[in-house]
Amino acid sequence: MSSSLMLCCLLLLFGLLSEGREILVGGKSNTWKVPESRDETLNQWSERTRFKIGDSLLWKYNAENDSVLQVREKDYERCDRSEPIRGYKDGHTNIELKRSGPFYFISGEEGHCQRGEKLRVVVLSPNHKRSIVDAPAPVNVDLSPNYNRSVAAAPVNAHITNKGSLNRGAWSLLLLLPLGLLV
């Protein structure tokens, strides 16, 4: 097998090894905005979604009147925009979650965070069992007559795209190809 073909196979293998997903913040475009009510916050969406190391968050928003700031917990709680870890104003922000634990995001626009435009995401540690990670978060069900059943019926992980994964057969082929064991 030529060295260039082997290199191509190895690059393909590394590209396909990624198990992360691209997760659209809020499950749809233009959810990065001041919420219309306290009953529809991005943190409620985040609590229903399981995040793993290697996943990426994708924000789609109007860059002319908003931005995303990654901040520390104390700045998240106070809506303090003065010392962000990172700031984004491109309207199509993609942030990879490279570690377990909490991540904090607020709007960079004056007054937006104070009115609820903020997001806390908790990334599960690699020690969680796969079945637990992939299971939907529990939903609290209120059986009172005033309960809004459409909230409970909402999809848990809407608009999640796999960035790459392989099944066992594909692993076998990719491992045998570079070794020259397949013709």
Side-chain angles (χ1 to χ4, degrees), residues 13-35 37-61 63 66-141 151-152 154-166:
L13 176 66
F14 287 123
L16 293 175
L17 286 178
S18 169
E19 290 188 26
R21 305 164 298 165
E22 186 173 84
I23 302 171
L24 185 60
V25 171
K28 56 187 175 184
S29 296
N30 298 316
T31 58
W32 188 243
K33 60 184 179 182
V34 174
S37 76
R38 294 283 181 193
D39 295 333
E40 301 173 18
T41 68
L42 286 176
N43 283 336
Q44 291 168 329
W45 165 82
S46 173
E47 290 167 2
R48 294 187 314 258
T49 306
R50 302 291 189 211
F51 301 95
K52 302 183 295 184
I53 295 172
D55 286 349
S56 294
L57 296 176
L58 175 62
W59 279 262
K60 292 184 179 181
Y61 57 95
D66 216 337
S67 61
V68 176
L69 300 180
Q70 183 175 352
V71 296
R72 291 166 193 76
E73 181 179 12
K74 66 179 176 69
D75 296 329
Y76 171 86
E77 296 298 335
R78 295 185 215 157
C79 289
D80 185 350
R81 303 174 298 134
S82 64
E83 296 181 33
I85 296 169
R86 288 191 178 81
Y88 307 89
K89 192 167 177 62
D90 58 3
H92 194 89
T93 300
N94 192 314
I95 299 174
E96 184 176 356
L97 305 170
K98 296 181 180 182
R99 60 168 175 79
S100 62
F103 289 79
Y104 300 95
F105 305 95
I106 64 173
S107 172
E109 299 306 306
E110 180 77 36
H112 285 207
C113 177
Q114 290 85 345
R115 295 188 344 242
E117 188 178 350
K118 57 198 232 176
L119 173 65
R120 179 182 55 242
V121 169
V122 178
V123 177
L124 298 173
S125 77
N127 297 333
H128 278 79
K129 300 259 186 243
R130 186 165 188 84
S131 61
I132 294 171
V133 171
D134 291 338
V139 176
N140 294 330
V141 177
V151 172
V156 173
N157 286 332
H159 296 280
I160 296 177
T161 306
N162 284 331
K163 291 195 288 187
S165 62
L166 295 175

Handout entry: Side-chain (Glu47) to main-chain (Gln44) donor-acceptor, under 3.5 angstrom
Key = no
Fill in the blank from the handout: When every non-hydrogen atom of Pro126 is compared with those of Ile53, the smallest separation belongs to CD-CD1, 3.7 Å
Completion exercise
Between Ser107 and Cys113, the two heavy atoms sitting closest are CB-N, 4.4 Å
Problem - Ser67 backbone acceptor or donor facing Trp32 side chain under 3.5 Å - result: yes
Practice task
Just jot down the salt bridge (Lys or Arg N to Asp or Glu O under 4.0 Å) partners of Lys89, sequence neighbours excluded, or say none.
Solution key: Glu109
Problem - Side-chain (Asn94) to main-chain (Leu58) donor-acceptor, under 3.5 angstrom - result: no
Completion exercise
Between the CD1 atom in Ile23 and the CD1 atom in Ile95, the distance rounded to the nearest 0.5 Å is 12.5 Å
Exercise for the section: Could you check if a side-chain atom of Glu117 sits within less than 4.5 angstrom of a side-chain atom of Asp66, using non-hydrogen atoms only? Expected result: yes
Handout entry: Residue pair Lys118 / Ile106: nearest heavy atoms and the distance that separates them
Key = CB-CG2, 3.9 Å
Handout entry: Any side-chain heavy-atom pair of Phe105 and Leu57 under 4.5 Å
Key = yes
Practice task
With the side chain counted from C-beta on, respond yes when Arg99 and Val123 share a heavy-atom pair under 4.5 Å apart, and no when they do not.
Solution key: no
Problem - Atom pair CG (Asp55) and NZ (Lys98), whose distance is rounded to the nearest 0.5 Å - result: 13.5 Å
Exercise for the section: Please collect all ring pair (Phe, Tyr, Trp, His ring centres under 6.0 Å) contacts where either partner lies in residues 78-99, sequence neighbours excluded, each pair once. Expected result: none
Fill in the blank from the handout: Residues passing the side-chain hydrogen bond (donor to acceptor under 3.5 Å, both in side chains) test with Trp59, sequence neighbours excluded, are none
Handout entry: Distance (rounded to the nearest 0.5 Å) between Trp45 CH2 and Glu40 CD
Key = 15.5 Å
Exercise for the section: Quick one: closest heavy-atom pair of Leu119 and Leu42, and the distance? Expected result: CD1-O, 3.6 Å
Practice task
To the nearest 0.5 Å, tell me how far Lys52 NZ sits from Leu124 CG.
Solution key: 9.5 Å
Fill in the blank from the handout: Nearest heavy-atom contact between Gly101 and Phe103 is O-CD1, 3.6 Å
Practice task
Using side-chain hydrogen bond (donor to acceptor under 3.5 Å, both in side chains) as the criterion, list what pairs up with Thr93, not counting sequence neighbours.
Solution key: Tyr61, Asp90
Donor-acceptor pairs under 3.5 angstrom involving side-chain atoms of residues 74-84: please list them, not counting sequence neighbours.
unit_1, atom_1, unit_2, atom_2, d
Tyr76, OH, Asn43, ND2, 2.7
Asp80, OD1, Ser82, N, 2.9
Asp80, OD1, Ser82, OG, 2.6
Asp80, OD2, Ser82, OG, 3.4
Arg81, NH1, Gly108, O, 2.6
Arg81, NH2, Glu110, OE1, 2.6

